[in-house]
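Bear in mind the structure is a predicted one, so any value in this text is a computation, not a measurement. Just so you know, residue 1 is the first one in the sequence shown, and it goes up from there.
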Amino acid sequence: MKDCPLFSEYLPELCLLTILEKIDEPISRVQFGVRRSSTNLVPMLMIPSKKSATKRKIYSIQAKSKIAEIEFPKPYTWRYCGSCYGWLATVDESFNITLSNPFENLSIHLPQFDSMAYDSGHYTYKILKVVLSDDPLLHPNNFVVVVIYCVYGRLAFYRPCQENWIYMDVDEDQSLFLDILFHKGLVYAIGHYNNLVWFDVNGVEDDESSKSPKLNTLVPTILRLENHSFRVYLVKSSMGNLYSIHKHLDFEEVGERSVHWTKKFTVFKLILDDENNKLLEKKEVESIDGDIVFVGDNRTLAVSALDFPEGQPNSIYFTDDFIDRDTYEILGPRDIGIFHLKDGSLEKYYQFKSSHKDLSPYIWISPSKEYN
């Protein structure tokens, strides 16, 4: 990769976000989730405010209380389409994607996203998910942004030295991707029908933005109902093992609306041949190496139970990230909770407020440094 411009060129202006700490009683740094599990911090829940369109609250699941408010210089968008390493991803009506780090008061403005004119629905849902390979603060010239976009769940990626996005060449029936994982220098993507692929962005030259790398299939798309998952996630455990996590939903009619609820999760361990990049085995398990996993519109994250003793090992903390691809209708962040793999039980980590029923979804956010 050729030399990149200074990081400052990708941070042309400060986001001017301010952290207004509102701690009702003394809470130690250990209590409200700032401990580090290798490069990961225990994430906190960011929730909307009914009173202000420019503010969001930060809620600690460890302290079980609100610890701060984040105030934005302008009203936030309807939905965040990604949360990685403390960076939040948003898209505007012109399909400009911005990464904002409220803990560092920084923004990165990515190139305008195109290929969107044919798609329908609210613009904030045309970019389904944004995932970063690394923290841009630590790797300013060597991070990768992968985006899942449009109703067909297609893939595109961007690196700081590129002028434009590179769009992966993939058939519609082979896409429908839902989550991204960076693992040992490669990008893995998993879709609605358990299709699993990988590709390598490292061999793409910066001046060949029109060419996309080869998409390699580990598990092909088989359009059968038994293969379908409403949501599926890829995660690397604290021990370095790979898992796919599948969310199963129930639906019920409430008035003229169809309301969804998480029924359960199933987890599969993925055993790869790293030398040949082949899938050797996929088996259903009831353990995620004892980790606590956080899923939603964020980068899927596993935290060691040793670093999160308040949590229960082999549990999944989930937010409401379901999108009706036909209507793009928002029903509020109702479907939140904890699923315990050991006994299949569900419980709440935060009480949903009826006043939030028409507000944007909750999202997990991980501070990029200790939160003072």
- Note on the structure: The ring pair (Phe, Tyr, Trp, His ring centres under 6.0 Å) partner of Tyr167 among Phe157, Tyr158, Phe113 is Phe113

- If you round to the nearest 0.5 Å, how far is CD1 of Ile365 from CG of Leu45? 10.5 Å

- Compare every heavy atom of Trp364 with every heavy atom of Pro43, then report the nearest pair and how far apart it is. CB-CB, 4.1 Å

- First locate atom CD1 of Ile148, then atom CG of Leu155, and finally report the distance between them rounded to the nearest 0.5 Å. 6.0 Å

- Query: For Trp165 and Pro111, which heavy atoms make the closest approach, and how far apart are they?
  - Reply: NE1-O, 2.9 Å

- Which pairs pass salt bridge (Lys or Arg N to Asp or Glu O under 4.0 Å) with one or both residues in residues 181-198, sequence neighbours excluded? Lys184-Asp274

- Message: Is any side-chain heavy atom of Phe177 closer than 4.5 Å to one of Leu128?
- Response: no

- Query: Passes side-chain contact (heavy atoms from CB on, under 4.5 Å), Phe143 versus Trp87? Steps please.
  - Reply: CA-CA 13 Å; Phe143 66 94; Trp87 296 85; over 6 Å; no

- Message: As an exercise, state the distance from CG of Leu346 to NE2 of His340, rounded to the nearest 0.5 Å.
- Response: 8.0 Å

- Message: So, taking the atom named CG in Asp273 and the one named NZ in Lys278, what distance separates them when rounded to the nearest 0.5 Å?
- Response: 9.0 Å

- Message: With rounding to the nearest 0.5 angstrom, report the CD1 to OG1 distance, Ile338 to Thr262.
- Response: 12.5 Å

- Output, in order, the C-alpha distance, side-chain angles, deciding distance and verdict of side-chain contact (heavy atoms from CB on, under 4.5 Å) for Asn96 and His109. CA-CA 8 Å; Asn96 297 301; His109 301 282; over 6 Å; no

- Item | Test applied, ring pair (Phe, Tyr, Trp, His ring centres under 6.0 Å); reference residue, Tyr349; option that passes from Phe318, Tyr59, Tyr317 | Tyr317

- Can you check side-chain hydrogen bond (donor to acceptor under 3.5 Å, both in side chains) on Ser238 and Asp291, steps first, answer last? CA-CA 7 Å; Ser238 60; Asp291 288 354; 2.8 Å; yes

- Can you find a pair of side-chain heavy atoms, one from Leu106 and one from Leu137, that are under 4.5 Å apart? yes

- Under a 4.5 Å cut-off applied to non-hydrogen side-chain atoms, are Tyr243 and Leu270 in contact? no

- Using the side-chain contact (heavy atoms from CB on, under 4.5 Å) rule, take Leu132 and Leu99 through it: C-alpha gap first, then chi angles, then the decisive distance, then the call. CA-CA 10 Å; Leu132 306 179; Leu99 305 176; 3.8 Å; yes

- Item | Which atom of Gly290 lies closest to which atom of Ala305, heavy atoms considered | O-CB, 3.4 Å

- Are Asp321 and Lys247 ion-paired here, with the side-chain N under 4.0 Å from a carboxylate O? yes

- So, Ser244 and His246: side-chain donor and acceptor under 3.5 Å apart, yes or no? yes

- Quick one: closest heavy-atom pair of Cys84 and Val130, and the distance? SG-O, 3.7 Å

- Query: For Phe339, which residues count as a ring pair (Phe, Tyr, Trp, His ring centres under 6.0 Å) partner, sequence neighbours excluded?
  - Reply: Phe265

- So, do Glu310 and Ile61 sit near enough that their side-chain heavy atoms are less than 4.5 Å apart? no

- Message: Are Phe182 and Asp134 packed together at the side-chain level, in the sense that at least one heavy-atom pair is separated by less than 4.5 angstrom?
- Response: no

- Query: Is the number of heavy atoms from other residues, nucleotides or ligands within 6.0 Å of CD (Gln112) greater than 12?
  - Reply: yes

- Only one of Lys129, Arg79, Arg231 forms a salt bridge (Lys or Arg N to Asp or Glu O under 4.0 Å) with Asp297, so which one is it? Arg79

- Does the cation-pi check pass for Arg299 over Tyr85, that is, NZ or CZ under 6.0 Å from the six-membered ring centre and within 45° of its axis? yes

- Item | Nearest-0.5 Å distance, CG of residue Leu181 to CD1 of residue Ile190 | 10.0 Å

- Task: Report yes or no: does Asn202 contribute a side-chain atom to a donor-acceptor pair with the main-chain N or O of Asp200 at less than 3.5 Å?
- Result: no

- Message: To check you understand the geometry: which heavy-atom pair defines the closest contact between Ala302 and Val293, and what is its length?
- Response: CB-CG2, 4.1 Å

- Query: Is it true that Ile127 and Ile108 fall in one hydrophobic cluster, defined by side-chain heavy atoms closer than 4.5 Å?
  - Reply: yes

- Item | Minimum-distance pair of heavy atoms, taken over all atoms of Asp169 and Ser212 | N-OG, 3.5 Å

- Query: Are side-chain heavy atoms of Asn277 and Asn216 found at a separation under 4.5 Å?
  - Reply: no

- Message: Within the structure provided, determine whether Val267 and Asn314 are in side-chain contact (heavy-atom separation under 4.5 Å).
- Response: no

- Does the side chain of Leu234 come within less than 4.5 Å of Leu242's, by heavy atoms? no

- Message: Quick check against the 3.5 Å criterion: does Asp179 have a side-chain atom that pairs as donor or acceptor with the backbone of Tyr233?
- Response: no

- Task: Mind telling me whether Trp198 and Tyr188 have parallel, tilted or perpendicular rings, with 30° and 60° as the class edges?
- Result: tilted

